Amino acid sequence: MSVPRPAKASSLGVRKSMQSNKSRDTKPELALRRAVHALGLRYRVSIRPLPSVRRTADLVFTRARVAVFMDGCFWHGCPVHHTKSATNAEYWAEKVRRNRERDQQTDRLLHEAGWRTIRVWEHEDPREAAERVAEEVRAST
């Protein structure tokens with residue numbers, strides 16, 4: 001199912017909202033980074049684990065080959081918090097479906113290249129997520 005992308009935002013308010021969405025350094029991402037750093041781990045921020053694959057991870061542990069992705073509840077279809085858009089519902093449902101499909105493909109590509117991936121929902125407690133990350137990184141080194 002392919003829903004055509006609207007030529008422009010449905011309203012000026014939607015346009016401003018979409019323009020203000022950040023691709024990195026969001027509050028949940030910064031909280032996770034602080035928590036991981038507090039555990040003594042050092043990482044790279046917003047890089048491609050595989051330069052040949054156009055996917056950017058939020059935290060990358062190059063030596064341990066661990067890539068961490070902070071997934072937004074709306075954009076990635078969180079089973080707990082995802083809400084359906086009232087405007088352009090078909091478009092957004094398709095967008096989220098494609099995002100989830102791309103996430104699975106990213107995980108597969110990284111796994112095939114010897115990487116481990118960790119997906120953290122934006123609503124998760126940053127300290128608990130940081131502990132998961134630390135366990136994975138320490139197990140990989």
Side-chain angles (χ1 to χ4, degrees), residues 1-39 41-141:
M1 173 176 157
S2 180
V3 177
R5 184 176 180 154
K8 60 182 182 176
S10 58
S11 72
L12 183 59
V14 169
R15 179 178 168 81
K16 286 185 177 236
S17 176
M18 294 302 295
Q19 286 177 328
S20 68
N21 286 332
K22 296 168 33 168
S23 63
R24 62 173 276 182
D25 301 335
T26 62
K27 287 180 184 179
E29 184 183 333
L30 292 174
L32 176 63
R33 286 178 8 201
R34 279 192 297 273
V36 169
H37 191 273
L39 294 174
L41 299 174
R42 302 302 176 254
Y43 46 83
R44 310 252 338 255
V45 175
S46 294
I47 66 165
R48 294 179 183 178
L50 301 174
S52 61
V53 179
R54 222 179 123 211
R55 302 297 196 313
T56 303
D58 297 304
L59 282 77
V60 178
F61 299 86
T62 52
R63 196 169 300 149
R65 296 173 70 89
V66 173
V68 181
F69 297 88
M70 172 66 71
D71 292 341
C73 291
F74 176 79
W75 300 105
H76 297 268
C78 170
V80 178
H81 297 107
H82 179 70
T83 57
K84 294 182 181 177
S85 176
T87 308
N88 295 326
E90 285 183 36
Y91 168 77
W92 288 111
E94 178 65 12
K95 170 79 171 152
V96 170
R97 188 195 65 74
R98 286 191 324 263
N99 285 349
R100 295 182 82 177
E101 198 172 83
R102 188 184 62 241
D103 293 344
Q104 291 173 348
Q105 181 188 43
T106 300
D107 292 349
R108 182 182 50 77
L109 289 169
L110 288 171
H111 178 74
E112 289 171 357
W115 284 76
R116 296 176 188 219
T117 59
I118 299 173
R119 296 227 169 241
V120 179
W121 288 110
E122 69 177 326
H123 68 263
E124 287 186 59
D125 180 271
R127 291 173 304 242
E128 291 175 12
E131 289 291 341
R132 275 192 4 243
V133 170
E135 286 174 23
E136 194 67 43
V137 168
R138 291 179 180 137
S140 298
T141 53

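Computed from a predicted model, the values in this text were never measured in an experiment.
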Go through the structure and list residues passing side chain to side chain contact (heavy atoms under 4.5 Å, CB included) with [X], not counting sequence neighbours.
X	result
Asn99	Trp75, His76, Lys95, Arg102
Val53	Leu50, Arg55, Leu109
Pro126	Ala31, Ala35
Arg116	Val66, Glu136, Ser140

Does [X] [atom1] have over 12 foreign heavy atoms under 6.0 Å away?
X	atom1	value
Arg44	CZ	no
Arg54	CZ	no
His111	NE2	no

Is there a side-chain contact between [X] and [Y] (heavy atoms, below 4.5 Å)?
X	Y	answer
Leu32	Val68	yes
Phe61	Val36	yes
Tyr43	Val137	no

For a quick test of reading the model, state the closest non-hydrogen atom pair linking [X] to [Y] and the distance between them.
X	Y	result
Ala134	Leu39	CB-CD1, 3.9 Å
Val60	Ile47	CG2-CG1, 3.5 Å
Glu29	Ser46	OE2-OG, 4.3 Å

**Prompt:** Arg108: what forms a salt bridge (Lys or Arg N to Asp or Glu O under 4.0 Å) with it, not counting sequence neighbours?
**Reply:**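 Residues passing salt bridge (Lys or Arg N to Asp or Glu O under 4.0 Å) with Arg108: Glu112.
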**Request:** Could you walk me through whether Val80 and Trp121 pass side chain to side chain contact (heavy atoms under 4.5 Å, CB included), step by step?
**Result:** CA-CA 10 Å; Val80 178; Trp121 288 110; over 6 Å; no
**Prompt:** Are any side-chain N or O atoms of Asn88 and backbone N or O atoms of Tyr91, one a donor and one an acceptor, separated by less than 3.5 Å?
**Reply:**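 It does not hold such a pair.
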**Asked** Restricting to pairs with a member in residues 60-72, which pass side chain to side chain donor-acceptor pair (under 3.5 Å), not counting sequence neighbours?
**Response**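 Residue pairs with at least one partner in residues 60-72: Asp71-Arg119.
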**Request:** State which residue, out of Arg33, His123, Glu124, Met70, fulfils the side-chain contact (heavy atoms from CB on, under 4.5 Å) condition with Pro28.
**Result:**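 Result: among Arg33, His123, Glu124, Met70, Met70 is the only option passing the side-chain contact (heavy atoms from CB on, under 4.5 Å) with Pro28.
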**Item:** Of Arg97, Gln105, Arg98, the residue whose pairing with Glu101 passes side-chain hydrogen bond (donor to acceptor under 3.5 Å, both in side chains)
**Value:**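 Answer after filtering Arg97, Gln105, Arg98: Arg97.
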